[in-house]
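These notes concern the structure reproduced below.
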Amino acid sequence: MYDDYNEIITVAQLAELLQIGMNSAYKLIHSGEIESFRVHNVHRIQRSAVTDYIIRKSTSNRKLRENKS
């Protein structure tokens with residue numbers, strides 16, 4: 001599924017890719033957790049920024065689980 005997207009995706013595609021709502025997708029962008037840029041006042045996201053976010057989250061979640069053990 002990930003390969004079905006272009007290198008630059010929209011907020012709607014981000015929400016679909018992460019299986020979250022649009023509000024959550026905008027929160028990730030506005031907080032800076034996922035880097036984005038604007039083209040004519042519309043957010044665009046590099047697909048690699050989504051990959052980076054997923055890796056960071058999975059790594060931090062793993063560390064939390066390890067610290068609880």
(message) Between T10 and L14, does the side-chain contact (heavy atoms from CB on, under 4.5 Å) criterion hold? Intermediate values first, please.
(response) CA-CA 6 Å; T10 65; L14 171 66; over 6 Å; no
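- Contact record, S36 with H43: OG-ND1, 3.4 Å, taken as the closest heavy-atom pair.
- Remark: the backbone N or O of E16 is not paired with any side-chain donor or acceptor of Q19 at under 3.5 angstrom.
- Rounded to the nearest 0.5 Å, atoms CD1 (I54) and OG1 (T59) are 11.5 Å apart.
- Membership of the apolar cluster around F37 extends to I8, V39, as traced through chained side-chain contacts below 4.5 Å between ILVMFWY residues.
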(message) For a side-chain contact (heavy atoms from CB on, under 4.5 Å) check, start with the C-alpha distance between L18 and I34, then their side-chain angles and the critical distance, and finish with the verdict.
(response) CA-CA 12 Å; L18 294 180; I34 295 181; 4.0 Å; yes
(message) Set out, in order, the CA-CA distance, both residues' side-chain angles and the distance that settles side-chain contact (heavy atoms from CB on, under 4.5 Å) for V42 and R44, then state yes or no.
(response) CA-CA 7 Å; V42 177; R44 297 287 185 236; 3.5 Å; yes
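- Closest approach of M22 and A15 over heavy atoms only: SD-CB, 4.0 Å.
- Nearest heavy-atom pair across I9 and N6 is CG2-O, 3.5 Å.
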Using residues 24-31 as the side-chain source, report each donor-acceptor pair under 3.5 Å to any protein atom, sequence neighbours left out, with the distance given to one decimal.
unit_1	atom_1	unit_2	atom_2	d
S31	OG	K27	O	3.0
S31	OG	L28	O	3.1
S31	OG	E33	N	3.3

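- Shown here are the side-chain hydrogen bond (donor to acceptor under 3.5 Å, both in side chains) partners of N41, two or more places apart in sequence or in another chain: R38.
- Rounding to the nearest 0.5 Å places NZ of K57 at 14.0 Å from CG of D52.
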